[in-house]
Amino acid sequence: MATFQTSPGTRDILPPDAGRWRELVRIFADGVESAGYQCIVPPMFEDLGVFLRLGDATDVVTKEMYDFEDKGGRHIALRPEHTASVCRAYAQHRPTPPWKVWYSGPNFRYERPQAGRFRQFDQVGIEVLGVDDALLDVEVITLGWQFYESVGLKNVSLVVNSLGDVGDRARYVEALAAYFSERADQLSKEALATLEKNPLRVLDSKREQDAEVIANAPTIGQFLSASAAEHFAAVCAGLEALDIPFTVNERLVRGLDYYRRTTFEYVSTALDSAQNAVGGGGRYDGLVEDLGGPATAGIGFALGVDRTLLACDVEKCFEFGSPQIDAFVIDTTGGTHALRLTTLLREAGFSTDRAFDGRSMKAQMKGADRSGALVAVIIGESEAEQSTCTVRNLSSSEQTTIPLVDLQSHLQTIVGPRKPRRQTR
RNA sequence: GUGGGCGUAGCUCAGCUGGUUAGAGCGCCAGGUUGUGGUCCUGGAGGUCGGGGGUUCGAGACCCCUCGUUCACCCCA
C-alpha cells in the first residue's frame, strides 16, 4: 500500500490552527472593509504572460514559476502573487476608479522551503487602482500597520523608501551598475551574478563581503525627481501625522520590478529566521498599462499569513484556544434520543455535539469533556421512561434532572441566550 | 539550483564504542467505579527503526544511493 504525504513546501493546516487561520483572515477583512475595500477572488492560475510583467529579471518569474501547458495548449501559471491578477482584472473589466479591493488566498512559488517559506503560501492584501494621491499611500500603509496591531503583534517595524519614477529608477540603476562594476573585485561572485541581471538587487545581498561596498553605494534619494521627492515627503509627513513609527531605508529594494515610487515593508523583529519580512508592498503605477489596460496608478500590499502567525507564535499573541460548544448529549439507551435531541438543540441555536458507536457512559462523558461543552445533557433508561433529562454543568459538576420540555429554557440559564436557526418543521 | 543538520510508536524523544524478544513520557482504548468527565491506579493496543543496496557471524546503530524533512545561501510574504 503506497503512502502519501504533502508535497514539499506544502502542508495541511489542521484544527485548531485552521480556525486561528480563518480568524486571522476575518480580522483582516473587518479592518479593510471598514475602510471601503471590497473582496475580490481572482483565479489561482492565469495565462503565463500576466505574470511575466512582474519582471523578467526577477526570480519569481525566471525560476520560481509553477507553469505548465494545459490540455488546450495554453501556457498557464499558478499565480505567484495577487497583484498582477488584480491589475489584469482591472484591465479586463474596467471598473470605475478608484477601485479598492482586498483578497486572501494561496500563491505558489517553486522555491526550496525553509523557515517561513513555503511553495504554497497564503497572503492577505489590498490593492487600489486609479488614485495617485500620496495620502492614499499613507492609508494603505496604515491599514497594514493596524492589522498587525489588531492581532496583537508588538515587534513589527515599518520600513519605507521611494524608488522614484520610471526615469529616476533607470538613472539610479545605471549609476548603481557603474558603481558596482568599478568595485567588482570586492564583491562576492553571487553579487556579481546579480549585478548582471538587476543591479538594484545587489543592495539586498546579506553577504559580509558585500556589506562595505553596499554601504557606500549611491542612494536613490539623490536621483528622485522633484515630483517623486515631493510625493515621498508627503507620504512620510502623513505617517508622522498619524504617529506611525517608521524608518526610511534607501536600501529597501523589493523583489518585483513593477514597483515605482513608494515601497514599504513590515519586518517582524521577533522572528530571528532569515524570512522576517511579514508583509510588504508599494506603488506600481504602470502595471495595468503593461497588461493592456489604460494608464492607471496603483498601490497595494500583501501580508504573509504564515509568517504573521509565526510571529504571533513567537510573541505569544493571537492565541487560539480550543473551540467550545454549548451542549454535549449523552445517550446510554442506544442513541436515538441523542439523535432527536441534538437536532432539536441545534435548531434552537445551541451548538451541540454527541458521541456515536454506542460507547459507554464513561467514554461519552470523556467525549463531552473533550468537546469543551459547557453542559452535558444525559439521557439514560430512567430519563427516557419519564421524558426527562439530566443536565450536568461540566465546570461546576452540578446536575439536575428536569422535564425534557424545560431543557431549552434551562440551557439558556447556563449558557446564555441563543438565536434559533431556521425552523425546519 | 548549492551547502549543513535530522529521519526510531499518533506526538516528543531515549537507545552507550554494532550483540538476545526495540524503550519512556504524552496521547488513545479498557478496567478500577454495572449510568457521570476533568485527578489517581492498573492493564492493553500501536513500530517491516523513511526506502533500497552493502559491510558483518550479527545493523536501529557503520558505508553508499534514494526519498522526505529542517536550516542557511539565492530570493521573497
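In what follows, every heavy atom counts, from backbone to side chain, and hydrogens, waters and symmetry copies are set aside. In what follows, every chain begins at residue 1, and chains take the letters A, B, ... in the order their sequences are listed.
Residue P80(A) is classed as having no contact, given no heavy-atom separation below 4.0 Å to the nucleic acid. The residue I330(A) sits apart from the nucleic acid: no heavy atom pair falls under 4.0 Å. Among the atoms of the strands shown, base atoms are found under 4.0 Å from some heavy atom of G380(A). Nucleic acid contact for R359(A): sugar-phosphate only, since backbone atoms but no base atoms lie under 4.0 Å from a heavy atom of the residue. Among the protein residues, G116(A) comes within range of the nucleic acid bases, having at least one heavy atom under 4.0 Å from a base atom. Contacts of A368(A) with the nucleic acid, taken as non-hydrogen atoms under 4.0 Å apart, are absent. Using a 4.0 Å heavy-atom cutoff across all strands shown, L271(A) reaches no nucleic acid atom at all. Heavy atoms of E383(A) sit under 4.0 angstrom from at least one base atom. Heavy atoms of Y266(A) sit nowhere under 4.0 angstrom from any nucleic acid atom. Within the 4.0 angstrom heavy-atom criterion, only backbone atoms of the sugar-phosphate kind lie near Q5(A); the bases stay farther away. Using a 4.0 Å heavy-atom distance criterion, T308(A) is classed as making no nucleic acid contact. Within 4.0 Å (heavy atoms only), L303(A) reaches no atom of the nucleic acid at all.
With a cut-off of 3.5 Å on both pairing distances, the Watson-Crick or G-U wobble partner of G68(B) is C6(B). Using the Watson-Crick or G-U wobble rule with both distances under 3.5 Å, C49(B) pairs with nothing in any strand shown. With a 3.5 Å ceiling on both atom-pair distances, U56(B) lacks any Watson-Crick or G-U wobble partner. Checking G25(B) for Watson-Crick or G-U wobble geometry (two distances, each under 3.5 Å) identifies C11(B) as its partner.
The side chain to side chain donor-acceptor pair (under 3.5 Å) test with K100(A) singles out one residue from Q38(A), E33(A), E139(A), and that residue is E139(A).
Looking at R119(A), its side chain never comes within 3.5 Å of a backbone N or O of S7(A) through a donor-acceptor pair.
Taking the six-membered ring for Trp and the full ring otherwise, the centers of F320(A) and F318(A) sit at least 6.0 Å from each other.
The gap from the C1' atom of A59(B) to that of A22(B) amounts to 13 Å, rounded to the nearest Å. Of the C1' atoms belonging to G32(B) and G50(B), the separation is 41 Å, rounded to the nearest Å. The C1' atoms of A14(B) and G23(B) are separated by 7 Å, rounded to the nearest whole Å.
With no hydrogens or angles considered, no side-chain donor-acceptor pair links D353(A) and S371(A) at under 3.5 Å.
A sub-4.0 Å separation between OP1 or OP2 of G35(B) and a side-chain N or O of K362(A) is absent. One finds no side-chain N or O of R117(A) lying less than 4.0 angstrom from the OP1 or OP2 phosphate oxygen of U70(B).
Going from atom CE of M65(A) over to atom C1' of G1(B) covers 17 Å, rounded to whole Å. Protein atom CD of E64(A) is 9 Å distant from nucleotide atom C1' of C74(B), rounded to whole Å.
For Q399(A) against U36(B), a side-chain N or O and a base N or O form a donor-acceptor pair under 3.5 Å. With hydrogens and angles ignored, no donor-acceptor pair closer than 3.5 Å exists between the side chain of R370(A) and the base of G37(B).
The aromatic rings of F223(A) and Y172(A) sit tilted, their planes meeting at an angle between 30° and 60°.
Residue Q114(A) places its side chain closer to C73(B) than to any other of G37(B), C73(B), A30(B).
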